[in-house]
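These notes are about the structure you will find just below.
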Amino acid sequence: MIYYRDGKSVLARQGVDRRRVDLAQVPKHVRDAVIAAENRSFYDDAGVSLKGTARAVWSTVTGQQLQGGSTITQQLVRNYYSGLSQERSVTRKFKEILIAMKVDQSKSKDWVLEQYLNTIYFGRGANGVQSAARAYFGKDVEELSVAEGAYLAAVIQQPSRFADPKGSDLAAARARWRSVIDAMGQTGALTPQQAAAETFPELRVPKKPFELKGQAQYMLEQVTAELNRRGYTDEDINSGGLKIVTTFDKKLMQAAQRAVDDVLPDNTPKKVRTGLAAVDPGTGEVVAFYGGRPSQSQYYDSAFSAKVMAGSTFKPYTLAAALDNGFDLSTRVDGNSPLRVASAAQAIPNDGDRSYGQINLVSATQNSVNTAFVDLGQKVGLDKVAKTAEAAGIPAAQLEKQKSAASFPLGVSSVSAVQNASGFSTFANKGVHMEAHVVRSVTDAEGHKEVVKPASTRVVSEQAAADTTFAMQQVVKYGTGTAARLYDRPVAGKTGTTDDSRSVWFNGFTPQLAVAVNMFRDDNATVSIPGYGTQFGGQLPAQIWRAFMTEAMAGKPVEEFPEPSEFGWSSGYSQPERGMGGPDRTYPRPGNQDDWDSPEPGTGPPPSSGPPATQGPRGDGPPEEQEEEPSPSDLDLPAQPSLQEEDTVDDGRDRQERQPAR
């Protein structure tokens, strides 16, 4: 049984419905009914019965069909030992008889009967008498009446026909049940008077088969995959009687679905995919996700499996690496365009070839200046950038191919929504990354509970995380991510838009929750929505993010981000009237959609008076004005067409970000 994080709401049932009970828990009249129906000589025979086989043939010819041709021991052997084929053959029957005789010699009759009652199939998806009691009568086996026990014994012979009998099947079920009652009278389990007094029991309406709907199939796939990684085999999962509590919040899963459905127009092309992932920063638990429409693909989901180029959502990892290695928010980097780097075959431009001069790291982040981050990557060292991203949860294998390219800080590596949300959760958790996971606990059939303890990794210092978060707050307040503002609490985030808008992102977080939203096409084409045009990270992805977070944060206490270092405050950001500092800070409410992608008049930080000289760690200077950022593009999806040559980075050459200014 697999549950949502509350441990009560059932997410899925995996394997078969079997609930083991001791023989002592099965009432004697139920045992007597099964023996009377299936093997009256059970306690006296040697595990096999030639007479029984002959009687079964006669019963079939005459239509009585009271007993099967095999003893209880033979039936147990057939079901209990997987090496025996279910096919009807002389060889199989011979093996069955030999093993049954050996079992009868080595095991007690009570052991055989207990195993039999716990493994035989009763119909309605129920394996074992306890599950059958629940399925047919809604009660535990201990509570079964004589009539009810006799019906379960009657079902064994034809479980499919008698599972929910109607018409002629109901008449046959009644006749079969009466035959079992009469047989109990013949064996002495019931007196003639008791047998005559029994009436046909009322059957419970069968439950509909458990169906996985919506995102449940994706949830089950991820839970199974994680259990396998943690050492549980498929056999353990399907037949181990496990109680698995996942990290998924049922209400937040529904909120994720609503956010996507409500924001995206009905005419969104079918090839456009949307992924959403929400991670608890303090625990690493994936509390919610949206993996796309299951009907759209049977092979991968858009949150865990699909990996697309991170674009400018990768820049915060570069920023954090720099801040953790001697740089600070006032450090000046080269924002001029184009920028030539010795290791790159081509110069790297900004959008529209716009030059910003020498700008500090806050302005570089707010305006998502490509050349500034390429310059920063060269200064801090691309190996340190890769190390930071890997520690934040991005697998090394996904970084290896691109990490030597000068454009590496621009997000040429492909990541999933879950990985990116998990990475940003590091900043919300004061620089500590908690391993992303989807299983909270596993309790086995004996009641032993294993609570998952995720790995914890210090990625960057607490101050570096605070400063990175501060820079990303400006993205949402004044930069490219204003569509993601929440009216009642602080938000930090980063947009990402790759070449030709082949993948567009918005990643953001509050202190309590980190969420990533991406949009891409499974044919690697431009993400364009009729009526909305070509998409950028600050548009529909940011709006989906805001719709989800508005619901997810409703009623949650407002928590503040840690204060940035003195260098950030000394650069013109400390004025309380701008809603950024002191106890009276405020959070501006977004205006209409037409205003979401531009800064509010008079709220942006002051522009630079001129480009000062390039500085290394601990430079100083004011931030710049905003501009929507571009970024590289790629898809890493199963069974998809290969990318064009110009869309790959496998030789250290740098991708150029091209996109209309926003």
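Under the rule for a salt bridge (Lys or Arg N to Asp or Glu O under 4.0 Å), Lys8 has no partner lying at least two apart in sequence or in another chain. Applying the side-chain hydrogen bond (donor to acceptor under 3.5 Å, both in side chains) criterion to Thr550, with sequence neighbours excluded, gives no partner residue. Looking at residues two or more places apart in sequence or on another chain, you find no side-chain hydrogen bond (donor to acceptor under 3.5 Å, both in side chains) involving Tyr151. Evaluation of the salt bridge (Lys or Arg N to Asp or Glu O under 4.0 Å) rule for Asp110 yields no partner, not counting sequence neighbours. In this structure Gln194 satisfies the side-chain hydrogen bond (donor to acceptor under 3.5 Å, both in side chains) test together with Thr191, sequence neighbours excluded. Applying the side-chain hydrogen bond (donor to acceptor under 3.5 Å, both in side chains) rule to Asp22 yields the partners Arg20; only residues at least two apart in sequence or on another chain are considered. Taking the salt bridge (Lys or Arg N to Asp or Glu O under 4.0 Å) definition, one finds that Glu435 meets it with Arg230, sequence neighbours left out. The salt bridge (Lys or Arg N to Asp or Glu O under 4.0 Å) check on Lys243 picks up nothing, with sequence neighbours excluded.
The structure places CG of Leu113 at 5.0 Å from CZ of Phe42, a figure rounded to the nearest 0.5 Å.
Contact annotation: the side chain of Arg5 approaches that of Val287 to within less than 4.5 Å [non-hydrogen atoms, C-beta and beyond].
Judged as a salt bridge (charged side-chain N to carboxylate O under 4.0 Å, His left out), the pairs with a partner in residues 244-262 (not counting sequence neighbours) are, in order, Arg258-Glu551. The ring pair (Phe, Tyr, Trp, His ring centres under 6.0 Å) pairs that include a residue from residues 245-273 are Phe248-Phe289, where partners are two or more places apart or lie in different chains. Screening residues 118-134 for salt bridge (charged side-chain N to carboxylate O under 4.0 Å, His left out), with sequence neighbours left out, gives Arg134-Asp140.
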Residues Thr233, Asp236; criterion side-chain hydrogen bond (donor to acceptor under 3.5 Å, both in side chains); working and verdict: CA-CA 5 Å; Thr233 65; Asp236 293 333; 3.1 Å; yes
Trace of the side chain to side chain contact (heavy atoms under 4.5 Å, CB included) decision for Ile35 with Tyr43: CA-CA 9 Å; Ile35 290 172; Tyr43 277 102; 3.6 Å; yes
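Residues Ile181 and Ala195 approach most closely at CG2-O, 3.5 Å, considering heavy atoms. The two atoms that bring Gln130 and Val21 nearest to each other are CB-CG1, 3.7 Å, heavy atoms only. In this structure, Phe122 and Leu117 approach most closely via the heavy-atom pair CE1-O, 4.2 Å.
Between the side chain of Glu114 and the backbone N or O of Trp111 there is no donor-acceptor pair closer than 3.5 Å.
We find that Glu148 and Lys139 are joined by a salt bridge, their nearest charged nitrogen and carboxylate oxygen being less than 4.0 Å apart.
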Quiz: residues 508-519 side-chain donor-acceptor pairs under 3.5 angstrom, not counting sequence neighbours:
from   : atom 1 : to     : atom 2 : distance (Å)
Thr510 : OG1    : Gln512 : N      : 3.3
Thr510 : OG1    : Gln512 : OE1    : 3.4
Thr510 : OG1    : Leu513 : N      : 3.3
Gln512 : NE2    : Pro557 : O      : 2.7
Asn518 : OD1    : Gly275 : N      : 3.0

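Both tests hold for Arg174 against Phe200: distance to the six-membered ring centre under 6.0 Å, angle to the ring axis within 45°.
Of the N and O atoms on the side chains of Tyr136 and Glu202, not one donor lies less than 3.5 Å from an acceptor on the other residue.
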